[in-house]
Amino acid sequence: MAPDILTLRRDFPTLAQIVNGHPLVYLDNAATTQKPQAVLDALNHYYRDTNANVHRASHALSGQATQAFEQARIKLQRFINAPAPEQVIWTRGTTEAINLVAFSFGMHNLKAGDEILLSTLEHHANIVPWQQVAAATGARIRVIPLMPTGDLDMKAAAQLINSRTRLLAIGQVSNALGVINPVKQLIAMAKSVGAVTLVDGAQAMGHLPVDVQELGCDFYAFSGHKMYGPTGIGGLYGKKELLEQMPPWQTGGEMVSHVSFEQTRFNRLPFKFEAGTPNIAGAIAFGAAVDYLSGLNRTLLAQHEDSLLDALVTGLEAIPGVRIIGRPGVRVGAVSFVMDEVHPQDLATLLDMQGIALRTGHHCAMPLMQALGLEQGTIRASVAFYNTHEEIAALLAGIHKAREFF
């Protein structure tokens, strides 16, 4: 049975807008997804009815806020099948989660001669922190190249993984091309040489079921706003033995158990890594987003998203002068393309005049664009389950109009 997308769309107030005289066609979901009313209500309820700091008071409002805040952590733990709630650390998002691992684990465990393995597909957030670590420790960054399709070259990966490989940091899904990487296979390869593994799950969590125990990764980073939750909240899953060994990254209140001018003792997990007042409203609303997603038939919605991408790819292939970037074996969420002799920004501006929201540029993946010879970047259309075939048709019609204009 096909999902009732039109009914689901009513849960997302933003989608009902008129933009530049046209119904909004929102196809920038890889940048951020829209929020269902349940998430908006959770934010409003916290600030209106239970606004108080967590863990630090004995009054009723603080108790209610603390309970909702920690219940959200449990929801995330179950959503990704982490063994225990204390293995889910609240962060501002994927970027902060990766930085936490880079500066708490990487800086204290890597040394000259060690190798950090990344891929050409990585987002800047999974490149720059490791460059900082490498510069400080003397470790070396190695990069898995691409096949012509945009898939990772797994033969090259097998050659790159060796006894010097101490850390693999890999995106599960490419934000620029939508490629689904074989992360479970890569993790197993890295584990065979004793390497620690981190998965950037920012683009995966909103589309794919995630089971960190089944993947076997040591760390998994994610963001709320990529999966229908608020901005400014995300998390890091980590294996308990590693988290317990790692020193705090940021220090201050909450992450301590005792402070004197002579000595400080740090708090237990997960609080050791959560200095200061957290994004309480964001965490609670992130939990509401998890509840919302968990109440849907995600298998049917994934099939719907696949059908949208199939229609998009087929339609783009039929437009003269349009070139799709990457033809991976498996793709989810996003398609990047260019039009001959038209700057991506110019095309996107013309489409915006028709109410169609897309993303242009390098998509925080400059090394990928350089490898592909795309100095101006691409146009990226990225779908969510609330998008419709009519919206894909509107985009394709808009590109046809733009082609005639240019």
Side-chain angles (χ1 to χ4, degrees), residues 1-17 22-40 79-80 150 172-181 201-211 222-229 288-319 324 326-337 351 355-359 379-399:
M1 183 178 69
D4 186 352
I5 301 303
L6 293 182
T7 296
L8 286 176
R9 284 176 64 88
R10 299 191 191 112
D11 294 338
F12 296 83
T14 303
L15 299 179
Q17 289 189 67
H22 299 268
L24 171 64
V25 175
Y26 186 80
L27 294 170
D28 192 21
N29 295 285
T32 194
T33 50
Q34 297 303 327
K35 322 307 174 193
Q37 188 64 49
V39 169
L40 304 179
F79 193 73
I80 62 174
Q172 189 168 7
V173 173
S174 164
N175 74 302
L177 304 185
V179 179
I180 303 177
N181 290 323
Q203 295 295 329
M205 289 271 283
H207 300 284
L208 306 173
V210 172
D211 184 331
F222 53 91
S223 294
H225 75 104
K226 307 285 190 183
M227 49 180 289
Y228 312 98
V290 168
D291 285 341
Y292 181 83
L293 282 175
S294 298
L296 302 175
N297 187 326
R298 297 192 71 195
T299 300
L300 286 180
L301 294 181
Q303 293 171 357
H304 171 66
E305 288 186 18
D306 288 344
S307 73
L308 294 175
L309 290 180
D310 288 344
L312 177 57
V313 168
T314 300
L316 290 173
E317 288 175 332
I319 303 175
I324 297 172
R327 296 303 178 95
V330 284
R331 185 205 304 267
V332 71
V335 175
S336 275
F337 61 95
L351 291 169
I356 302 169
L358 302 173
R359 180 72 45 162
I379 305 170
R380 183 186 69 195
S382 51
V383 303
F385 64 75
Y386 47 57
N387 289 123
T388 65
H389 281 274
E390 290 75 15
E391 290 180 315
I392 298 300
L395 169 61
L396 295 171
I399 296 171

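Everything numeric in this text was worked out from a predicted model, so none of it was measured. Values below: every heavy atom of this structure, side chains too, minus hydrogens, waters and symmetry copies. Position 1 is the first residue of the sequence; numbering continues from there.
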Looking at residues at least two apart in the chain, or sitting in another chain, which of them share a side chain to side chain contact (heavy atoms under 4.5 Å, CB included) with Thr14? Gln17, Leu24, Gln34

I want to check something: taking the side chain as every heavy atom from C-beta on, are [X] and [Y] in contact at a cut-off of under 4.5 Å?
| X | Y | value |
| --- | --- | --- |
| Leu312 | Leu396 | yes |
| Val25 | Leu351 | no |
| Pro328 | Leu177 | no |
| Met227 | Val290 | yes |
| His389 | Leu308 | yes |
| Val313 | Phe337 | no |
| Ile5 | Asn387 | no |
| Ile180 | His207 | no |

Is it the case that Asn29 and Tyr386 place a side-chain donor and acceptor less than 3.5 Å from each other?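 Yes, side-chain donor-acceptor contact under 3.5 Å.
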
With the threshold set at 4.0 Å, does a side-chain nitrogen-carboxylate oxygen contact exist between Arg380 and Asp28?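 Counted as a salt bridge, because a side-chain N and a carboxylate O are separated by less than 4.0 Å.
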
For the residue pair Phe385 and Tyr292, categorise the inter-ring angle as parallel (less than 30°), tilted (30 to 60°) or perpendicular (more than 60°).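 Aromatic pair Phe385/Tyr292 classed parallel.
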
